[in-house]
Structures are given as structure tokens and as C-alpha cells.
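To start, the structure under review is shown below, and the notes come after it.
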Amino acid sequence: MAISTLTQDLTIKVPAATVAANQTLHFAQPSNQLIEQLVAQHGAPLMVLDCESVRQQYRALSRALPGVTLYFALKPLPHAAVVRTLLEEGASFDLATSGEIDLVANQGVPSERTIHTHPIKRDADIRDALEYGCNVFVVDNINELEKFIAYKDDVELLVRLSFRNADSFADLSKKFGCSPAMAIDIITYAQQLGIRIKGLSFHVGSQTASPSKYVTAISACNHVINEVTALGLPALSTLDIGGGFPVPYNKDVLPIDEFCAPINDALAQLPDTVRVIAEPGRFIVAGAVTSVASVMGQAVREGKPWYYLDDGIYGSFSGLLFDEASYPIDSLKQSGERVESVLAGPTCDSIDVVSESIMLPKLNNGDLIISRMMGAYTLATATDFNFFKRAEVIVLNDVVHVDALTG
Ligand SMILES: *Cc1c(COP(=O)(O)O)cnc(C)c1O
């Protein structure tokens with residue numbers, strides 16, 4: 001009998017990553033020594049994905065929201081190692097596209113542990129999900145509801161409500177969701193059509209700084225749940241409180257247990273029969289990725305040093321545009337007097353500037369720039385514009401499959 005260790009892509013097993021001395025972040029980070037070693041082996045740019053951070057964040061949110069089932073939203077970092085890690089932790093998954101279905105199916109995620117939450121779907125999207133075995137979908141309008149007439153015996157639906165949130169990075173309620181009154185209309189019509197409505201959902205917006213948005217939304221949903229019962233419609237059994245849980249970029253946010261305390265109080269007001277689920281994305285993965293870029297060249301313009309990196313706005317730093325995120329960025333080199341400098345990306349486009357003003361020591365070509373908190377909405381939205389290749393992903397602390405083989 002032999003034991004073989006199988007890993008699917010490049011996986012490096014390291015002891016739990018050490019915290020860099022100058023970091024005030026609440027995440028374990030790969031040490032500078034490990035980063036230098038990885039660049040020596042693989043070159044730059046790199047995105048170093050630490051699955052141990054994914055595990056810790058999933059556990060922290062599970063503890064902060066007791067009794068709430070967490071469906072990881074794949075959208076911010078659709079990576080197989082993240083799926084494997086969370087599957088092993090017992091997580092469920094929130095899917096929005098057929099590509100995301102393929103990703104979880106390939107990692108062996110049982111379809112009962114998935115929901116499909118894109119509010120607007122093509123018939124083929126619905127069929128792909130049903131073929132996989134995912135049968136919970138989201139609607140927020142009558143047109144979408146009618147798409148399910150053909151599948152009424154196979155599906156259960158959540159009705160998505162909208163609550164505007166000007167504070168978050170992405171006010172998702174501008175694009176999706178309906179009013180409480182419209183939700184009642186949809187649920188009433190679904191009853192006539194013979195389509196099962198399982199419950200309600202909302203998304204307060206990504207990187208929401210205050211839990212009060214959730215509290216307001218939960219209480220509005222509670223009213224709808226009670227109204228549905230009062231109207232004699234089948235009782236709603238599920239409330240999905242979405243994603244949006246914040247992480248500290250350059251600004252502190254409330255620790256997650258404090259953030260969730262008022263949310264739990266609001267959830268306690270719901271009828272006992274309502275099961276609560278959530279769809280965290282950013283919170284699970286943001287801290288798990290450290291990006292490493294190297295200086296390709298430099299110039300002095302209007303008295304300021306400009307450093308041109310091999311990664312930029314069109315690559316791993318795409319979130320600076322699409323996500324309005326602001327990442328903790330620093331040079332690996334810590335010694336030397338710091339002066340105001342500019343960090344530019346590699347492409348020939350002038351908007352490709354990572355930072356207009358950052359205090360850095362004098363850097364040489366080949367020196368490394370390290371950016372933390374780069375896991376969410378970064379790689380996922382990166383392009384290879386100008387034929388600059390996307391950063392290579394190095395996976396640390398992946399699930400290790402150990403299979404016993406005979407012979
Ligand atoms: C993007 C998205 C999420 C994840 O949101 P985060 O802010 O990253 O937690 C969850 N649910 C839906 C429907 C989404 O579109």
C-alpha cells in the first residue's frame with residue numbers, strides 16, 4: 001500500500017504565514033523572505049493566494065453569524081483553490097453564471113450546497129444550473145418569474161428586494177431588486193402560477209461600512225414575511241442577507257463580531273421558522289492575496305520619481321478602477337529616506353497609474369512592490385491588455401488530497 005499526495009495546481013505547503021512586523025492588518029501575510037523566494041523561482045508579477053487566510057475568514061464570519069449558512073459568492077475570486085478550501089470547511093456556494101457552475105462542479109461541490117443568485121438569466125443559464133442540480137434561483141420582477149413557468153416543479157425562488165446604499169463601494173440595489181410592494185405582487189402571482197417562493201434576499205452593497213443597512217433591510221423583510229402569511233400565501237422559509245461584509249483596506253472597519261452583533265439582534269426578531277443564509281464574497285477572500293510586482297524601469301518627471309511596474313490598472317490593480325478599492329501598497333525594501341513617488345503600470349495607456357503619490361525609498365529596477373488585501377475583485381477583473389500577461393497565481397496552504405492507493 002502506498003500513500004500518494006495529489007495536488008491540482010502549483011501548491012506550496014508552508015507553515016501558517018507569518019505576520020510582517022510593520023503590518024497593522026488583521027490578516028496573516030506571507031513573509032518578505034517567502035515573497036523573495038517565490039519571485040526567485042517564478043518571476044514577477046505574482047498573486048500569492050494563502051488558503052489559510054480564506055479558512056480563517058470563513059471561520060470568523062461563521063462565528064460572528066451563528067446559525068447563518070454561508071454561501072461563498074465566487075465572483076470576487078473565482079479560483080479552484082478557494083473553492084476546495086471552503087468545501088473542506090463545509091461552506092456552501094453562491095453562483096451567478098454557468099462558468100461559476102463549472103468551477104464548483106469540477107471541484108466536486110455537491111449541488112445541494114449551491115444557490116444561483118443572478119437576478120437576470122437566460123433560459124440556457126437556468127437549464128445549466130438545473131442540469132448541475134442547483135434549483136434555488138433569484139427573481140426581482142414578473143418577466144423573470146415567468147421564465148420559471150416551464151420549470152415550476154423543479155425550482156424554488158428567492159425574491160430580491162432593493163435597499164439603496166450610497167455608502168458602499170457598489171450600490172447593488174441600483175441595478176437589482178424590487179420594492180416590498182412589488183415583492184408581494186411577485187409572490188402572489190407565483191402562487192397563481194404554481195411556482196414555489198422560498199423566501200427573500202437582498203444585498204446591501206459591497207464593503208458596507210455600517211451594519212445599520214442590514215438591520216433596516218432585515219426589518220423590512222420581516223414585514224414582508226409577516227404580510228405574506230397574513231395574506232394566506234405559503235409561508236416564506238428563508239431570508240438571504242447577501243454579502244457586503246467589510247474588510248480593512250487603508251481604513252479600519254469594525255471587527256466582524258462587533259459588526260454582526262446588531263445584525264444578529266435583528267435576525268432574532270424573525271419568525272422561528274425562517275432559516276437565514278448569507279452570501280459573503282469580499283470578506284472571505286480580500287485578505288488572502290498579496291500581490292508582488294517588480295520595477296521594470298524608472299524616470300524623474302517634474303521632480304518626482306516614477307517607477308514603472310510589471311503589473312497595473314489593467315492587471316491585478318483593476319480594482320482601483322472597478323472597485324474603488326485602496327490597497328495597502330509598499331516597497332519590500334524598507335531602508336532609505338522616503339520621498340513622494342509615482343507607481344505606474346506597464347501598459348502604454350496614461351490612465352495606467354497605480355498610485356499618483358506614495359512615499360517610497362529610492363528603488364532600483366527589479367525591486368519589489370508588495371500590495372496586501374488584493375484578493376477581492378482584482379484578478380477577477382484583470383485583463384491582458386497590451387499583451388501584458390496576468391500575474392501568475394501561487395497557492396499557499398491549499399487542501400492536500402491524500403489518497404490511499406493499493407498495489
Ligand atoms: C457580488 C455579490 C456578492 C458578494 O458580495 P461581497 O460584497 O463581495 O460580499 C453576493 N451576492 C451577490 C448576489 C453578488 O452579486
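Model, not experiment: these values are computed from the prediction. Whatever order the structure lists ligands and atoms in, that order sets their numbers, starting from 1. Along the sequence shown, the residues carry numbers beginning at 1.
- Counting heavy atoms under 4.0 Å from ligand 1, residue Val138 does not touch it at all.
- Looking at ligand 1, you won't find any N or O of Pro280 less than 3.5 Å from one of its N or O atoms.
- No more than 12 heavy-atom neighbours from other residues, nucleotides or ligands sit within 6.0 angstrom of CZ on Arg122.
- Using a 4.0 Å cut-off to heavy atoms of Ala73, the atoms of ligand 1 that qualify are 3 (C), 4 (C), 10 (C).
- Backbone and side-chain nitrogen or oxygen atoms of Arg160 are examined, and none is located within less than 3.5 angstrom of a nitrogen or oxygen of ligand 1.
- For residues 363-392, the pairs satisfying ring-ring contact (aromatic ring centres under 6.0 Å, His included) are Tyr314-Phe385, with sequence neighbours left out.
- Among all heavy-atom pairs drawn from Pro76 and Arg282, the shortest one is CG-N, 3.8 Å.
- The shell of residues lying under 4.0 angstrom from ligand 1, judged by heavy atoms, excludes Phe176.
- For the pair Ile284 and Val54, the minimum side-chain heavy-atom distance is below 4.5 Å.
- Residues Met359 and Glu340 meet the side-chain proximity criterion, which asks for heavy atoms closer than 4.5 Å.
- Looking at ligand 1, you'll find an N or O of Arg282 within less than 3.5 Å of one of its N or O atoms.
- For ligand 1, the atoms lying closer than 4.0 Å to a non-hydrogen atom of Asp94 are 10 (C), 11 (N), 12 (C).
- Not close to ligand 1: Gly242, with no non-hydrogen atom less than 4.0 angstrom away.
- Between Leu95 and Tyr132, some side-chain heavy-atom pair lies under the 4.5 Å cut-off.
- With sequence neighbours left out, Tyr214 forms a ring-ring contact (aromatic ring centres under 6.0 Å, His included) with Phe245, Phe259.
- Of all atoms in ligand 1, listed by their number and element, those nearer than 4.0 Å to a heavy atom of Gly244 are 5 (O), 6 (P), 7 (O), 9 (O).
- At distances below 3.5 Å, at least one donor-acceptor pair connects side-chain atoms of Arg113 with backbone N or O atoms of Leu87.
- At a heavy-atom cutoff of 4.0 Å, ligand 1 is contacted by no atom of Phe283, backbone or side chain.
- Considering backbone and side-chain N/O of Gly281, one or more are found under 3.5 Å from N/O of ligand 1.
- By the criterion of a heavy-atom distance under 4.0 Å, neither the backbone nor the side chain of His118 is placed next to ligand 1.
- The Thr117 neighbourhood of ligand 1 comprises atoms 13 (C), with distances under 4.0 Å to a heavy atom of that residue.
- The contact set between ligand 1 and Gly243, taken as ligand atoms under 4.0 Å from a residue heavy atom, comprises 9 (O).
- Contact of the Tyr327 side chain with the Leu320 side chain is registered, since non-hydrogen atoms from C-beta on lie closer than 4.5 Å.
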